[in-house]
There are 2 protein chains.
Amino acid sequence: MNVVNESPRRKELTRLAAQLFVQEGFDRTTVRMLAQEMGIKSGSLFHHFRDKQEILAAVIEEGTQNALTLARHALEQCGGSAEDRLHAMARAHLETLLTDRNAHVVALYEWRRLDSEARAHLSHLRDAYEALWEAVIDEALDDGLIRGDRFLVSRFVMGALNWTVRWYDPEGPRKPEDLAHELIAMIAPSTQAAQAVSTKV
Amino acid sequence: MNVVNESPRRKELTRLAAQLFVQEGFDRTTVRMLAQEMGIKSGSLFHHFRDKQEILAAVIEEGTQNALTLARHALEQCGGSAEDRLHAMARAHLETLLTDRNAHVVALYEWRRLDSEARAHLSHLRDAYEALWEAVIDEALDDGLIRGDRFLVSRFVMGALNWTVRWYDPEGPRKPEDLAHELIAMIAPSTQAAQAVSTKV
DNA sequence: GGTTTACACTAGCGCTTGCTTGGTTGAACT
DNA sequence: AGTTCAACCAAGCAAGCGCTAGTGTAAACC
């Protein structure tokens, strides 16, 4: 087995695996299918990954790690107002959902297939990401930008955003930027975003 | 095979199957596990269902059918204002998500495991349900209750609601009624619901 | 020049899978 | 009393599953 977790070959294989997992689902994707997609025989696969589970974990880790990095970066770059920060988070979320789409779909649909060990490790990553969201939502609440229960609002917003993987078409006219704008206009009535929307109608 | 689709025995078996599908996922649930849960042998299962796929279709159909019926009933019962109707839909949605939780979780997670035939049939049911939502959202837009793009708003709302199956705890203090209220307060600023929330804070 | 290392191969083991076959049972109906 | 029929069972087939063992090879390193 490959001891270096971050070999470039392994990264490429992880990317291909993500694609197959989305197409077929984790359970229906056989190691033989994975190997064929990678251009090797099924036995060779276990040189790179200890077992099939580890491939799943690698896919999800990759996606979550990227989301976390992107969100942190977006928060550093954006302005300091609550609206700016909320918008930056929504936009970053949608962008990672788009660029790492396969990995995130796998994370959303196949999370329960992880063994307890991998799940514990990845839960920490996910919690770190959600903590960013809750902090930004807290700011927006303190600022009076939005109203309601902290817990409920953050979950409603995450739900609305994550659901986009089911219907969003990257080829369509709407950009992630636009979606972020519309979402915030929907929940924060007295913003510039909302004014823009209401005058458009 | 059982020709009568609606035999009570079959309904009971469908209910049990839904539970197992949620616990294990469709692919990992074997016909032997299903049979054991039902108290019969695996061979006997195929007296009631043509194949494993048909069990999945039965589970999803049951849940979607109930959701549609409940939503229609809720719309008939409620008042005529846009806010009332929006609230009735949200509440009905959350209630069916709670009472038929297993079936809906299966519908959300295992939809892609349906063969094309079953998918076509069930898509119609689902479209009928979503049409109800879009009509109610149209009314709310016309009424000025909410703002934004019809398509986006309905998808954001459905996302927020469906995401609840991931975190909602029926044993907790929050009732479906409360969630519906909070959601509408979040997206429709000038309602009674929103006033209640803002004075509470 | 010899050893190590990364990556791939072939062959197949042991097990589980969805589903079929042929037959039994007991209650309901004629 | 005879017939029908839904419901169940025991046994097992053919295919596919994840994974292992043992080997080959070309490049990299000492």
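Since the model is a prediction, treat every value here as computed from it, not as a measurement. Every chain is numbered from 1, with letters handed out A, B, ... down the list of sequences.
- Taking every heavy atom of both residues into account, B:His93 and B:Asn162 meet most closely at NE2-OD1, 2.8 Å.
- Take the nearest nucleotide of DNA chain D for B:Gly43 and for A:Arg28: the residue whose nucleotide is more 5' is B:Gly43.
- In this structure, CE of B:Met33 is placed 14 Å from C1' of C:dG18, rounded to the nearest angstrom.
- A salt bridge links B:Glu12 with B:Arg15; the closest basic N to acidic carboxylate O contact falls under 4.0 Å.
- For A:His47 and C:dA8, the shortest distance from a side-chain N or O to OP1 or OP2 is not below 4.0 Å.
- Between A:Arg50 atom CZ and D:dC19 atom P there is a gap of 11 Å when expressed in whole angstrom units.
- Following rounding to the nearest Å, B:Asp27 (CG) and C:dG18 (C1') show an atom-to-atom distance of 12 Å.
- An OP1 or OP2 oxygen of D:dC8 is reached within less than 4.0 angstrom by a side-chain nitrogen or oxygen of B:Arg9.
- When the C1' atom of D:dG18 is taken as reference, atom CZ of A:Arg113 falls 17 Å away, rounded to whole Å.
- Atom C1' of nucleotide D:dG22 and atom CZ of A:Phe46 are separated by 16 Å, given to the nearest angstrom.
- Residue B:Lys41 is classed as a sugar-phosphate contact, given heavy-atom separations below 4.0 Å to backbone atoms only.
- Distance A:Gln36 CD to C:dT10 P: 13 Å, rounded to the nearest Å.
- Rounded to whole Å, atom P of C:dT17 lies 11 Å from atom CD of B:Glu24.
- Between B:Phe156 and A:Trp163, the ring center distance fails the sub-6.0 Å criterion.
- Atom CZ in A:Phe49 sits about 11 Å away from atom P in C:dC7, given to the nearest Å.
- A donor and an acceptor atom never sit less than 3.5 Å apart when one is taken from the side chain of A:Arg32 and the other from the base of D:dG16.
- Closest approach to the B:Thr30 side chain among C:dC19, D:dC19, C:dT17 is made by C:dT17 (side chain taken as heavy atoms from C-beta onward).
- OP1 and OP2 of C:dA6 both lie 4.0 Å or more from every side-chain N or O belonging to A:His48.
- Under a 4.0 Å N-O distance rule, the pair A:Glu95/A:Arg91 qualifies as a salt bridge.
- Contacts of A:Ser44 with the nucleic acid, taken as non-hydrogen atoms under 4.0 Å apart, include base atoms.
- Ion pairing between B:Asp169 and B:Arg174 fails under the 4.0 Å rule for side-chain N and carboxylate O.
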